[in-house]
A.B. asks: 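Attaching a single structure in structure tokens format; questions to follow.
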Amino acid sequence: MHTEISRIDLPKDYVLKNGEAKEIIITSKVNPGQDFSYYEKTNYTFPEKSIIRLKRYKDSELVSTREFSVDSLNRVLKNTVRFKHKALGWKTSKYETVYGDKIKDLKMLNLDGTLNYIMRVIFNENNNPIEIRTLNINNQLIGLSTAEYNYSSNKFIYKVYKEDSSIVLNKTESFKKDYEIKRNEYGDLIEFYWPTSSSEIKYLIEYKYDDKGNWTKIKKIQVDGKKKKTTEIKSRKIKYLKN
């Protein structure tokens with residue numbers, strides 16, 4: 001539930017406003033200047049218009065690969081992810097997403113492509129998730145979590161239920177409906193609060209763009225009162241397809 005609530009409308013690495021890419025290379029430094037900083041590199045390639053492949057490296061070590069397809073709104077449809085587990089080696093996950101009006105089905109698949117279970121997310125009129133239902137292959141409810149919002153008090157009540165409908169968690173947490181503060185002339189979010197934070201810490205995003213209007217550098221900054229801390233610096237090298 002918290003993952004769905006905290007989705008921020010930040011630019012996706014593989015999405016261009018203009019032009020088509022042959023390859024995109026993302027390099028990131030996470031927590032620069034801190035003791036736990038590290039580097040990431042991601043290579044995107046586009047074997048077909050709606051299919052995207054990527055390889056992700058952490059400190060030069062390959063840690064995951066992914067192939068996914070997107071729709072005309074750049075929403076992920078089918079997804080195959082391989083990731084390197086420290087103890088178990090390479091593991092593979094498959095899932096696909098079906099979008100509807102105020103509903104989204106995340107279908108978790110077995111390796112042979114058969115259905116394992118479904119996580120069905122239901123949204124309210126503000127596009128905030130209010131229910132996540134876990135359904136087995138027979139469409140039977142095996143898990144449920146809900147969120148009830150009080151926008152005037154910046155709170156939501158989070159509940160988790162067992163299969164027998166008994167409540168195992170009932171907790172009031174923070175939520176900022178109007179977490180967006182400002183966008184730039186390109187329509188990109190440049191100032192916001194974290195949606196589920198009770199603090200007044202703000203986040204700033206600084207962009208650089210190329211001559212096609214696609215971003216080539218992002219700097220993420222956390223602002224706590226008068227204190228500022230850079231949390232990530234991300235660069236994007238775009239190799240365009242020639243017309």
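Predicted model only: the values in this text are computed from it and were never measured. Position 1 is the first residue of the sequence; numbering continues from there.
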A.B. asks: Can you hop from Ile103 to Ile5 via hydrophobic side chains spaced under 4.5 Å?
C.D. replies: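 Same hydrophobic cluster.
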A.B. asks: Mind checking whether Lys84 and Leu62 have side chains closer than 4.5 Å, heavy atoms only?
C.D. replies: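 Counting from C-beta outward, Lys84 and Leu62 never come under 4.5 Å.
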A.B. asks: Could you tell me whether Glu148 atom CD has more than 12 heavy atoms of other residues or ligands within 6.0 Å of it?
C.D. replies: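 Count not over threshold, so no.
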A.B. asks: I need the Leu135 CG to Met119 CE distance, nearest 0.5 Å.
C.D. replies: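 So the gap between those two atoms works out to 10.0 Å.
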A.B. asks: Between Pro32 and Thr230, what is the shortest heavy-atom contact and its length?
C.D. replies: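 Minimum heavy-atom contact is CD-O, 3.6 Å.
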A.B. asks: Measure the spacing between NZ of Lys94 and OG1 of Thr114 and express it to the nearest 0.5 Å.
C.D. replies: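 With rounding to 0.5 Å, NZ (Lys94) is 9.5 Å from OG1 (Thr114).
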A.B. asks: Is the backbone of Pro47 close enough, under 3.5 Å, to the side chain of Arg53 for a donor and an acceptor to pair up by distance?
C.D. replies: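 No, because the side chain of Arg53 does not come within donor-acceptor range (under 3.5 Å) of the backbone of Pro47.
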A.B. asks: Distance check, rounded to the nearest 0.5 Å: Arg66 atom CZ versus Thr92 atom OG1?
C.D. replies: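 Taking CZ in Arg66 and OG1 in Thr92, the distance rounds to 14.0 Å.
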A.B. asks: Answer yes if Ile205 and Ile8 sit in the same cluster of Ile, Leu, Val, Met, Phe, Trp and Tyr residues linked by side chain heavy atoms under 4.5 Å apart, and no otherwise.
C.D. replies: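 Linked within one cluster.
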A.B. asks: Quick check: do Val30 and Phe36 have side-chain heavy atoms less than 4.5 Å from each other?
C.D. replies: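 Not touching, per the 4.5 Å side-chain cut-off.
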A.B. asks: If hydrophobic clusters are built by linking Ile, Leu, Val, Met, Phe, Trp and Tyr wherever their side-chain heavy atoms come under 4.5 Å apart, do Val160 and Ile122 end up in the same one?
C.D. replies: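 Same hydrophobic cluster.
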A.B. asks: Are Tyr193 and Tyr179 near enough that their ring centres are under 6.0 Å apart?
C.D. replies: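 Ring centroids of Tyr193 and Tyr179 are no less than 6.0 Å from each other.
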A.B. asks: Mind checking the NZ-OG1 spacing from Lys176 to Thr196? Nearest 0.5 Å is all I need.
C.D. replies: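 OG1 of Thr196 is found 8.5 Å from NZ of Lys176.
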A.B. asks: Do you see a donor-acceptor pair shorter than 3.5 Å between the side chains of Asp71 and Tyr99?
C.D. replies: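 Absent: no donor and acceptor within the cut-off.
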A.B. asks: Does Lys212 qualify as a cation-pi partner of Tyr240, given the criterion of NZ or CZ under 6.0 Å from the six-membered ring centre and within 45 degrees of its axis?
C.D. replies: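 Yes - Lys212 lies over the ring of Tyr240, closer than 6.0 Å to its centre and within 45° of its axis.
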A.B. asks: Indicate yes or no: does Arg56 engage Asp13 in a salt bridge with an N to O separation below 4.0 Å.
C.D. replies: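 Asp13 and Arg56: not salt-bridged.
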A.B. asks: Does the plane of the ring in Tyr158 sit parallel, tilted or perpendicular to the ring in His2? Use 30° and 60° as the thresholds.
C.D. replies: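 Tyr158 vs His2 ring planes: perpendicular.
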A.B. asks: Roughly how far, to the nearest 0.5 Å, is CG of Leu169 from OG1 of Thr146?
C.D. replies: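 These two atoms lie 9.5 Å from each other.
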A.B. asks: Which atoms form the tightest heavy-atom contact between Asn74 and Tyr14, and what is the distance?
C.D. replies: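 Reported closest heavy-atom pair: O-OH, 3.2 Å.
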A.B. asks: Is there side-chain contact between Leu115 and Leu109, with at least one heavy-atom pair below 4.5 Å?
C.D. replies: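 Leu115 vs Leu109: side chains touch.
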A.B. asks: What heavy-atom pair brings Ile51 and Glu67 nearest, and what distance separates the two atoms?
C.D. replies: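 Nearest heavy atoms, Ile51 then Glu67: CG2-CG, 4.0 Å.
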A.B. asks: Taking side chain as C-beta onward, heavy atoms only, is Asn43 less than 4.5 Å from Tyr57?
C.D. replies: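 SC-SC contact between Asn43 and Tyr57 confirmed.
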A.B. asks: Going by atom types alone, do Asn116 and Lys107 pair a side-chain donor with an acceptor below 3.5 Å?
C.D. replies: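 Lys107 and Asn116 do not have a side-chain donor-acceptor pair below 3.5 Å.
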A.B. asks: Strictly distance-based, threshold 3.5 Å: is any side-chain N or O of Asn110 a donor or acceptor partner for the main-chain N or O of Asp112?
C.D. replies: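 Not a single qualifying donor-acceptor pair exists.
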A.B. asks: Determine whether Ile52 and Val70 make a side-chain contact, defined as any pair of heavy atoms from C-beta on separated by less than 4.5 Å.
C.D. replies: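 Yes, close enough: below the 4.5 Å cut-off.
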A.B. asks: Look at the side chain of Asn124 and the backbone N and O of Asn126, then say whether any donor-acceptor pair between them is shorter than 3.5 Å.
C.D. replies: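 Looks like yes, one N/O pair under 3.5 Å.
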A.B. asks: Would you find a donor on one side and an acceptor on the other, under 3.5 Å apart, between the side chain of Ser197 and the backbone of Ser199?
C.D. replies: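 At least one qualifying donor-acceptor pair exists.
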A.B. asks: A cation-pi test, strictly: NZ or CZ of Lys58 under 6.0 Å from the centre of the six-membered ring of Tyr38 and no more than 45 degrees from its axis. Yes or no?
C.D. replies: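 Yes, cation above the ring, under 6.0 Å and within 45°.
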A.B. asks: Are any of the side-chain heavy atoms of Asn128 and Phe175 separated by less than 4.5 Å?
C.D. replies: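 Answer yes - side chains close enough.
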A.B. asks: Taking all heavy atoms of Lys217 and all of Trp215, pick out the closest pair and write down the distance.
C.D. replies: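 So the two residues come closest at N-CE3, 3.6 Å.
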A.B. asks: How about Leu16 and Ile238: do any of their side-chain heavy atoms sit closer than 4.5 Å?
C.D. replies: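 Contact flag for Leu16/Ile238 side chains = yes.
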A.B. asks: Taking atom NZ of Lys55 as the centre, report whether more than 12 heavy atoms of other residues, nucleotides or ligands fall under 6.0 Å from it.
C.D. replies: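 Atom NZ in Lys55 is not crowded, with 12 or fewer foreign heavy atoms closer than 6.0 Å.
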A.B. asks: Would you say the side-chain atoms of Ser152 and Asn150 include a donor-acceptor pair closer than 3.5 Å?
C.D. replies: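 Result is yes, a qualifying pair exists.
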A.B. asks: Ring centres of Tyr186 and Tyr207 under 6.0 Å apart?
C.D. replies: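 Tyr186 vs Tyr207: aromatic centres not under 6.0 Å.
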A.B. asks: If you compare all heavy atoms of Gln222 against all heavy atoms of Tyr203, which two are closest, and at what distance to 0.1 Å?
C.D. replies: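 What the structure gives for the nearest pair is NE2-OH, 3.4 Å.
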A.B. asks: Identify the two heavy atoms, one from Pro129 and one from Phe123, that lie closest to each other, and give their separation to 0.1 Å.
C.D. replies: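 Shortest heavy-atom separation between Pro129 and Phe123 comes out as N-CD2, 3.7 Å.
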A.B. asks: Under a 3.5 Å distance rule, please check whether Asn136 uses its side chain to pair with a backbone N or O of Asn138 as donor and acceptor.
C.D. replies: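 Checked: pair present.
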A.B. asks: Does Lys17 offer a backbone N or O that forms a donor-acceptor pair with the side chain of Asn214 under 3.5 Å?
C.D. replies: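 Checking the backbone N and O of Lys17 against the side chain of Asn214, a donor-acceptor pair under 3.5 Å is found.
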A.B. asks: Taking it one step at a time, do Tyr161 and Lys159 satisfy side chain to side chain contact (heavy atoms under 4.5 Å, CB included)?
C.D. replies: CA-CA 7 Å; Tyr161 299 81; Lys159 295 180 180 179; 3.4 Å; yes
A.B. asks: Going from OH on Tyr117 to CD1 on Ile137, what distance comes out if it is rounded to the nearest 0.5 angstrom?
C.D. replies: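 It comes to 13.5 Å.
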A.B. asks: Step by step, work out the side chain to side chain contact (heavy atoms under 4.5 Å, CB included) result for Asn127 and Lys102.
C.D. replies: CA-CA 7 Å; Asn127 290 318; Lys102 303 301 181 186; 2.8 Å; yes
A.B. asks: Could you verify whether a donor N or O on one side chain and an acceptor N or O on the other, from Asn79 and Tyr95, lie under 3.5 Å apart?
C.D. replies: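 Tyr95 and Asn79 do have a side-chain donor-acceptor pair below 3.5 Å.
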A.B. asks: What I'd like to find out is whether the side chain of Lys12 reaches to under 4.5 Å of the side chain of Val76, using heavy atoms alone.
C.D. replies: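 No - every pair of side-chain heavy atoms lies 4.5 Å or more apart.
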A.B. asks: Over 60° means perpendicular and under 30° means parallel, so tell me whether Tyr44 and Phe46 are parallel, tilted or perpendicular.
C.D. replies: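 Plane angle under 30°, so parallel.
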A.B. asks: Check for me, please, whether Leu189 and Leu204 land in the same ILVMFWY cluster - side-chain distances under 4.5 Å, paths through other members count.
C.D. replies: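 Not linked; separate clusters.
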A.B. asks: Take atom NZ in Lys177; do more than 12 heavy atoms of anything else shown fall under 6.0 Å from it?
C.D. replies: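 Yes, because the 6.0 Å sphere around NZ of Lys177 holds more than 12 heavy atoms from other groups.
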A.B. asks: For the hydrophobic clusters of this structure (ILVMFWY residues joined by side-chain heavy atoms under 4.5 Å, transitively), does one cluster hold both Val168 and Phe156?
C.D. replies: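 They do share one cluster, since a chain of ILVMFWY contacts under 4.5 Å joins Val168 to Phe156.
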A.B. asks: Could you tell me whether a side-chain N or O of Ser69 sits under 3.5 Å from a main-chain N or O of Lys78, the two making a donor and an acceptor?
C.D. replies: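 Side chain of Ser69 to backbone of Lys78, a donor-acceptor pair under 3.5 Å: yes, one is there.
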